[in-house]
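Computation of the quantities below employed the complete heavy-atom set of this structure, encompassing side-chain atoms and omitting hydrogens, waters and symmetry-equivalent molecules. Keep in mind the model is a prediction, meaning the values are calculated, not measured.
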Amino acid sequence: MEIYLDANATTPVLPQAKAAAIQAMVEAYGNPSSVHCTGLKARALMDDVRALAQRLLDTGSGRLLFVSGATEGIQTAVLSALNALRERREAGETIGAQLLYGATEHKAVPEALRHWNAVLGLDLAIREIPVDRQGRHDLAFVRAEALSAGLVCTMAANNETGVISDLAGIETALDASGSRAYWMVDGVQALGKLPLRLSHTRIDYAPFSGHKLYAPKGIGLLYVRDGAPFTPLMAGGGQEGALRSGTENMSGIAALGAVLAALENTADRTFRTHAELTAFRDRLAAALRAAFPGMVFNAPLELSLPTTLNFSVPGLGSRVLQDLFDAADVRVSGGSACSSAKAAPSFVLQAMGLPDWQTEGAVRMSIGPAVDEAFIAEACARIEACGESLRRHCMSPTDNLPSVGDGLSRFMAGGACCYLLADASSRRCVLIDPLPEQVSRLAQVLRCQSYQLSAVLSSSGDPAHAAARRALCAELPDLMDATDAIDGFGWPQGRSELDLGSRRLRRVSLDRGGQACLLWEGEGRAQCSVAFVAPEDAEALADRIGPQTLIAPPTDEAQMLCTIPGRVGVEDHDAPCLQLPGAQLQQFADAHPDAILVDVREPYEQFLSHTPDLAGMAMEAVPLSRILNAIPGWLVAQRPLLFFCRSGNRSRQAAQALARLGHRQAWTLAGGLALLPEAPATIPAAAADAAVREVVSA
Ligand code: PLP
C-alpha cells in the first residue's frame, strides 16, 4: 500500500467528490447557461456550491468565481489590480510605485507580477517582502514600504514549510502605513485547514485550488472583495457574470461542492479537527526524530499547519531521502527542485536564511486533513523502517551493523565524484577527492565498517580535499593511519605508490598540472584496471593504461559514470540506449534466457522493497555507486543486461554507460519499477520486523 505524504502537492479525490463528479457528467450534464430544465438543474447545482463556499469562507458581499485553479485565480487578481493601477495612473493619480510579494510566495505570484507588469507597460518595481528565520513576513518592512506599494501579495500558509502567515499582523501594518495598496492573499494551503473569514478583512483577492483539498484538478475559486477592481482574464460567452467566460467545469464544481459539504458538516467526520491533526503531526515528527538522529525541522512546528513537516538530515541529501522513502512506498517531495545531477536549494528555505545543507537537503512531508489513525500508524511504521535501513547500511550515526564493501564506491556531491577504494581483506581503504560536505557521511561509513584510512588523496590539489582530510582526521583519529608529512596531493612525502592488500595505487603527474591515480588489482597486476583522471587527460597516460582501463572522472555532471581510452571525447552521453517498456518484460525474458536483471538501487532502498519477480530472470544487485566494480566482468561476458531502478533514471545511466563502453546488449527498464503494473506494494517483512523490534527495545 502506498503511503502518500505529499498532500501539499495534490490530494486524491474524496469518494463522495468522485461520485458527485460522475453524477454531474452522466446525469446532471446540462450547461448552466441553457434555459431548459437540464440547464436549470446544472445552474442550481452551481449556485448551491457557490453559496456553500461563500458560507465557509465568509465572503459577505464579496464575489466568488469558479476558476480553473489557483494559478488562474492569481493571474486574474494580479491583472485586475495592475490594470486598475494603470487606469488610475493614466487618469493622473499618483499610484504606488512598487509591487510587493512575500519572499516565500509560490512562484505563480512573482511570475504573474512580472508578466502583467510588462504586458500592461506599468514598469513598477517588484520587490520581495523579507521573511524571518521562522518564515514569517517582516511586518516592519510592510509598514515601511506599503504606502508606496500598489499591490501587496502574501500567502495564508506556505506550501513548502506550512508556516502560517500572521495575516492580522500584515493587515494592521497595511492600515498603520496608510497604504491604499490592493492586497492579494493566496489561500491555497489554508483551505480546509485554517478558518478564513474573508469579509472581516481588507483582503481584496484570495485564490483557492480544489486539488489541494480532495477535489479534482482543474477547479478553483477566486474571492474578490466587493468594490475591488476587476478585469476579466477571459472574455467570451459571458459566464460568471461576464467576469470569467467559458463553459463552467461542472464536474469539478460538483466535486468541490461535495468536499465543501463534508467540510461544513463536521458531524460526518470526513475531516479531522485541528487538534487531531496536530496529534498526528506530532506522531510523525516523533517517528522522524527516532529514525533520523540529528535531523532538524526547517520551520517551527508551532507556527506551521499541522499537516506539513519540512526537515533535513545532516549528511543525507534530499535525493537520497526521497529514494529511501520511495523504496518504502512512502511518497514525499524534495523541499527543493532537483536538476539532473545537483539538488537545487529551496528558495523558500533560503529566504528564511537557513544554511545550505538544510536548503539543499530538505524533504517535505504533508498530509491531507482527511487522513485517519490507521494511515498515520502505517506512515510512522514506514518511517521507522527507513531509519532501520539507514542504520543497517552505515548511513545513520547510531547502532551501525558492519557490512563489507570491498572495491570501489563512488560518492557524489553536486557533480563532483569522490571515490572510496576499500580492501576488505586488510580492512584498509583510500579516499580520492573527498569534499568537506561529505565528511560526516564518509566517517560514518568507515567507522561502521571498521576500515582503517590509509590515505586521503587529491587528484587536483584542491584545498577543499585537504580540508576534508583534516576534518576526517578530527572525526576519525583512531582510524587514520599515522603518516609522516604529506604533500599537496595527500600522498606521503616522496612516495608514488601505495599498497592496499592485493591492490596497488600509483600516481602519475600530469603535464598540465594535477595528478592521475592508477589502480592495479590482483596478483599479476598485468594491467591497470582503473585510472582516476579527467577523460581529457587520459591520452597522456596512453603508455601506462590498457584499452579496457576504466577512466573514473573527478567530476561527472553529465552522468557518464566512466569511460575507456578509445571512447574518450565521444560526446554521446545522451545517446539512445536500449529501452525496454515494462509491458514487454516477459517477451524479453523469453527472447533472452541468459539475461541478467541488474538492480542499481542503493542497498538501503533494496532492503525496503520487495525484490520484484521480473519474469523469473536471474538477478544481481549492483548499486549505481558501486557499478565500476562490475563493469569489466560484464564487458567480457557480454551477457544481455537489463538494468532497473525506481524511476528509470539511474538504470538509463547504467545502460548508456555500458553501451558507450561497447556492450551490445544493455537495456534499461523504461520508467523503472514505478511504471510496472505490479509495483512492489508493501515494505518487506524483514524491514517491518526490524522496525518493530527497534520500537520495542527503545
Ligand atoms: N499557491 C500555492 C501556495 C500552491 O501551493 C499552489 C500549488 O502548488 C498554487 C498556488 C498553484 O495552484 P494550482 O495548481 O491550482 O494552479
What one should report as the nearest heavy-atom pair of Val185 and Ala156 is CG1-N, 3.9 Å
Check whether any side-chain N or O of Arg114 sits under 3.5 Å from a backbone N or O of Ile126 as a donor-acceptor pair, and report yes or no. no
Under 3.5 Å, side-chain donor or acceptor atoms of residues 161-171 against the rest of the protein: list the pairs with distances, not counting sequence neighbours.
unit_1	atom_1	unit_2	atom_2	d
Thr161	OG1	Asn158	OD1	3.3
Thr161	OG1	Val163	N	3.1
Ser165	OG	Met155	O	2.5
Asp166	OD1	Gly169	N	2.8
Glu171	OE2	Arg202	N	2.9

Any residue meeting side chain to side chain donor-acceptor pair (under 3.5 Å) with Thr308, in chain and number order, not counting sequence neighbours: Asn8
Keeping the roles fixed (side chain from Ser199, backbone from Thr59), state whether a donor-acceptor pair exists under 3.5 Å. no
Suppose the criterion is ring-ring contact (aromatic ring centres under 6.0 Å, His included): which pairs have a residue in residues 49-78, not counting sequence neighbours? none
Run the side-chain hydrogen bond (donor to acceptor under 3.5 Å, both in side chains) test on Gln239 and Glu248 for me, step by step, so that the C-alpha distance in whole Å, both residues' side-chain angles and the decisive distance to 0.1 Å come before the verdict. CA-CA 8 Å; Gln239 288 87 348; Glu248 292 85 348; 5.0 Å; no
Audit row: Val363, Asn310, side-chain contact (heavy atoms from CB on, under 4.5 Å) steps and yes/no: CA-CA 6 Å; Val363 168; Asn310 188 308; over 6 Å; no
ring-ring contact (aromatic ring centres under 6.0 Å, His included) for Phe230 and Tyr205? Distances and angles first, verdict last. CA-CA 10 Å; Phe230 194 88; Tyr205 309 97; 7.6 Å; no
Verify the distance criterion only: is there a donor paired with an acceptor across the side chains of Thr201 and Trp183 at less than 3.5 Å? no
Separation between CG (Leu213) and NZ (Lys193), nearest 0.5 Å, reads 7.0 Å
Short N-O contact, Glu276 and Arg272, less than 4.0 angstrom: yes
Check the pair Arg50 / Glu240 against salt bridge (charged side-chain N to carboxylate O under 4.0 Å, His left out), numbers first and verdict last. CA-CA 11 Å; Arg50 197 191 316 271; Glu240 295 287 276; 2.8 Å; yes
Consider only side-chain N and O atoms of Lys212 and Thr10, and report whether a donor and an acceptor are under 3.5 Å apart. no
Thr154 and Glu105: side-chain donor and acceptor closer than 3.5 Å? no
Is a side-chain N or O of Arg650 found less than 3.5 angstrom from the main chain of Ser647, in a donor-acceptor match? no
Minimum-distance pair of heavy atoms, taken over all atoms of Ser312 and Ala362: OG-CA, 3.5 Å
Derivation and outcome, salt bridge (charged side-chain N to carboxylate O under 4.0 Å, His left out), residues Arg331 and Asp329: CA-CA 6 Å; Arg331 310 289 174 241; Asp329 254 331; 2.4 Å; yes
Are any of the side-chain nitrogens in Arg646 or Asp326 under 4.0 Å away from the carboxylate oxygens of its partner? yes
Do Asn159 and Gln189 have side-chain atoms, one donor and one acceptor, less than 3.5 Å apart? no
Are the side chain of His137 and the backbone of Leu139 linked by a donor-acceptor contact shorter than 3.5 Å? no
Taking C-beta and beyond as the side chain, do Leu174 and Val142 meet within less than 4.5 Å on heavy atoms? yes
Work out which heavy atom in His211 is nearest to a heavy atom in Thr11; give both atom names and the distance. O-OG1, 2.8 Å
Quick one: does any side-chain atom of Arg382 pair with a main-chain N or O of Ala328 as donor and acceptor, under 3.5 Å? yes
Check whether any side-chain N or O of Ser177 sits under 3.5 Å from a backbone N or O of Ala144 as a donor-acceptor pair, and report yes or no. no
To check you understand the geometry: which heavy-atom pair defines the closest contact between Pro355 and Arg133, and what is its length? CD-NH2, 3.8 Å
Considering non-hydrogen atoms only, spot the tightest contact between Ala9 and Tyr4 and give its length. CB-OH, 4.4 Å
